[in-house]
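Atom set for the values below is all heavy atoms of this structure, side chains included, hydrogens, waters and symmetry mates excluded. Each chain gets a letter, A, B and so on, in the order its sequence line appears, and its residues count up from 1. Because the structure is predicted, anything quoted here is derived from the model rather than measured.
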Amino acid sequence: MIVRVNGEAQEWAEGTTVDEIVRRLGAPPSGVAVAMDGEVVPRATWEATAVRDGAVVEVLTAVQGG
Amino acid sequence: MDDPLTIAGREFGSRLIMGTGGASNLAVLERALIASGTELTTVAIRRVDASGGGGVLDLLRRLGIEPLPNTAGCRTAAEAVLTARLAREALGTNWIKLEVVADERTLLPDPVELLDAARQLVDDGFVVLPYTNDDPVLALRLEEAGCAAVMPLGSPIGTGLGIRNPHNIELIVARSSVPVVLDAGVGTASDAALAMELGCSAVLLATAVTRAEDPERMAAAMRAAVDAGRLARTAGRIPKRFWAQASSPGI
């Protein structure tokens, strides 16, 4: 299935979880948040949340700014 | 002199809120933040990329500075609300510097989207610190919406043009019952001092320090300016007079 991760279309296996996507991105261990299709996915549910075909996933963290 | 800044029931010993944008690297930023004496500093929320980018949070944690996430880059209330919720999830804070700008050239706040976002975020339990125009009416509306402070600009972000309408800042201060934080436009120390003399409770700045030739030295200047301006404000300045008034006794 195709999942758009941080703006990039990627091929993922059916049943992939949010946690797997975050880990492959190499995100830092803390200070990260995920939105799927415009809704926050709480960290505690990453492992249990399956990503569906066509989903838009954004993985965000804090950077210098403001 | 013990004169803390209180926002939403939380006390800060420093009245200088810093931003982290524009610093050439983290080592320069670290020295500037230490010199500024700040206890609250903004960060932006962006996509995780290959470069990691998490270093700024580690830096703030090491320095004991509270991170204040912002919604920089958002153009609509919907974008800002989602960004604030993601910031809360990522950083574990319900404080948000709310920024909803209208266009890239001016980076001026979009008042309609800003007020809409502020109302939604207050309802959702956030401590909302909105970056706003120097408009006394909008500032009042934001306060009525439940914002914990109002943060009017002195001039557009990054311009260093100082406070273009000091009277509006005084009007905002005169009617506000929440802290007024002068946010954006500070170019040099006298701008920060003037903001405090006009009655602002704090100053938020980034570019003036991070893009100065010597950020650490400018941070120290801003710290001194905020302290001096605050002291002058609370000391009660003399009224301005048209004619001279001798300061020595008559002969």
Can you confirm whether [X] is buried at [atom1], in the sense that more than 12 heavy atoms of other residues, nucleotides or ligands lie under 6.0 Å from that atom?
X	atom1	value
A:E11	CD	yes
A:E47	CD	no
B:R62	CZ	yes
B:R75	CZ	yes

So which heavy atom on [X] is nearest to which on [Y], and how close?
X	Y	result
A:S30	B:R61	OG-NH2, 4.1 Å
B:L91	A:A62	CD2-CB, 4.1 Å
B:V48	A:L25	CG1-O, 4.5 Å
A:V63	B:V56	C-CG1, 3.6 Å

Counting only heavy atoms closer than 4.5 Å, note whether B:L205 contacts chain A via side chain, backbone, both or neither.
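Answer is neither: B:L205 stays 4.5 Å or more from chain A.
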
Relative to chain A, which segment of B:A23 carries a heavy atom at a distance below 4.5 Å: side chain, backbone, both, or neither?
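Its backbone and side chain both get close to chain A.
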
Treating [X] as the side-chain partner and [Y] as the backbone partner, does any N or O pair qualify as donor plus acceptor under 3.5 Å?
X	Y	result
B:T20	A:G66	no
B:E89	A:R43	yes
A:N6	B:D49	no

Nearest 0.5 Å, please: how far is CG in A:L60 from CZ in B:R46?
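If we round to the nearest 0.5 Å, B:R46:CZ and A:L60:CG are 9.0 Å apart.
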
Please classify the contact between A:V22 and chain B as side chain, backbone, both or neither, with a heavy-atom cut-off of under 4.5 Å.
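No part of A:V22 comes within 4.5 Å of chain B.
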
Return the option, out of [options], with the maximum number of heavy-atom pairs under 4.5 Å with chain A.
options	value
B:L68, B:L82, B:L60, B:N70	B:L82
B:A184, B:G92, B:G21	B:G21
B:T41, B:I45, B:T83, B:L29	B:I45
B:A44, B:G19, B:G158, B:A87	B:A44

Side chains of A:Q64 and B:L26: closer than 4.5 Å at any heavy-atom pair?
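Yes - at least one pair of side-chain heavy atoms lies under 4.5 Å apart.
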
